[in-house]
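See below for the structure under consideration.
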Amino acid sequence: MKSEPRTFSIDDLKAAPDGVESWDGIRNYQARNFMRDDMRQGDRVLFYHSSCPTPGVAGLAEVAREAHPDHTAWDPESDYFDPKASPENPRWFMVAIRFVEAFPHIVPLAELRRVSTLRNMKLLQRGQRLSIQPVTKKEYETICRIGRSAASR
DNA sequence: GCCAACGTTGGC
DNA sequence: GCCAACGTTGGC
């Protein structure tokens with residue numbers, strides 16, 4: 001899951017009550033469908049910092065609550081207001097995630113690109129902008145190993 | 001700030 | 001259903 005750290009970082013997640021935060025504001029159908037159809041309680045999440053000096057994986061979270069209607073969609077005061085959404089027809093969904101760990105050092109995108117076993121990772125494919133993407137177990141484990149190692153920087 | 005690559009909108 | 005125009009994402 002990608003987030004701009006100026007807006008919401010892994011440290012912000014850690015500081016949230018119980019380390020839990022709702023992932024509201026997703027207004028892309030593919031990302032919505034992925035949250036609604038594929039993300040399950042306890043699933044691990046790579047927390048990615050985007051649009052910042054060193055984009056990369058900052059740490060880990062887990063799904064604390066499965067998909068439920070994103071109420072910001074029918075709040076006219078919200079930046080994420082969608083006039084076509086309503087409590088009866090929510091249109092947009094969100095999950096809640098819980099902080100698990102922050103890596104000692106971010107795993108930079110540039111480093112991910114150098115790891116041959118990650119070459120098929122969706123994040124690294126050309127034109128891939130989706131803010132929520134599936135990750136294979138092997139990719140997840142590889143990135144955890146790099147993130148926890150003293151050699152990462 | 002630039003720009004490539006997508007996604008969405010809306011006229012026809 | 002097509003597709004041009006526009007908006008967004010996100011690395012660099």
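Side-chain atoms are counted along with the backbone in the values below, which use heavy atoms only and exclude waters and symmetry mates.
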Practice prompt. Could you tell me which residues satisfy side-chain contact (heavy atoms from CB on, under 4.5 Å) with A:Ser9, sequence neighbours excluded, listed by chain and number?
Written response: A:Pro5, A:Asp11, A:Asp12, A:His49
Worksheet item: With sugar-phosphate meaning primed atoms plus P, OP1 and OP2, does A:Gln30 contact a base, only sugar-phosphate, or nothing at under 4.0 Å between heavy atoms?
Response: sugar-phosphate
Worksheet item: If Ile, Leu, Val, Met, Phe, Trp and Tyr residues are connected whenever their side-chain heavy atoms lie under 4.5 Å apart, and connections chain through other members, are A:Tyr140 and A:Tyr48 in the same group?
Response: yes
Worksheet item: To the nearest Å, how far apart are A:Leu112 CG and C:dG10 P?
Response: 15 Å
Worksheet entry | Nearest-0.5 Å distance, CG of residue A:Asp43 to CD1 of residue A:Ile97 | 12.0 Å
Discussion item. In this structure, how many angstroms lie between the C1' atom of C:dG11 and the NZ atom of A:Lys122, rounded?
Written reply: 20 Å
Worksheet, complete the sentence: Only one of A:His71, A:Glu21, A:Arg32 passes side-chain contact (heavy atoms from CB on, under 4.5 Å) with A:Met94, and that residue is A:His71
Response to the item:
Of A:Val63, A:Val135, A:Leu60, the one forming a side-chain contact (heavy atoms from CB on, under 4.5 Å) with A:Arg44 is A:Leu60
Tabulated below should be each protein N or O lying under 3.5 Å from an N or O of nucleotides 1-8 of chain C; please produce it.
residue : atom : partner  : partner atom : Å
C:dT8   : O2   : A:Arg129 : NH1          : 2.8

Discussion item. Using modelled atom types and a 3.5 Å cut-off, is there a donor and acceptor pairing between side-chain atoms of A:Gln133 and backbone atoms of A:Leu123?
Written reply: yes
Worksheet entry | Value in whole Å for how far the C1' atom of C:dG11 lies from CD of A:Glu4 | 12 Å
Item to complete: Pull out every residue in residues 43-53 of chain A that has a heavy atom closer than 4.0 Å to any atom of DNA chain B, ordered by number, or say none.
Response: none
Worksheet item: Would you say C:dT9 has OP1 or OP2 under 4.0 Å from some side-chain N or O of A:Lys2?
Response: no
Discussion item. Centroid separation under 6.0 Å, is that true for the rings of A:Trp92 and A:Tyr29?
Written reply: yes
Discussion item. Measuring only between side-chain heavy atoms, which start at C-beta, is A:Phe47 closer than 4.5 Å to A:Met1?
Written reply: no
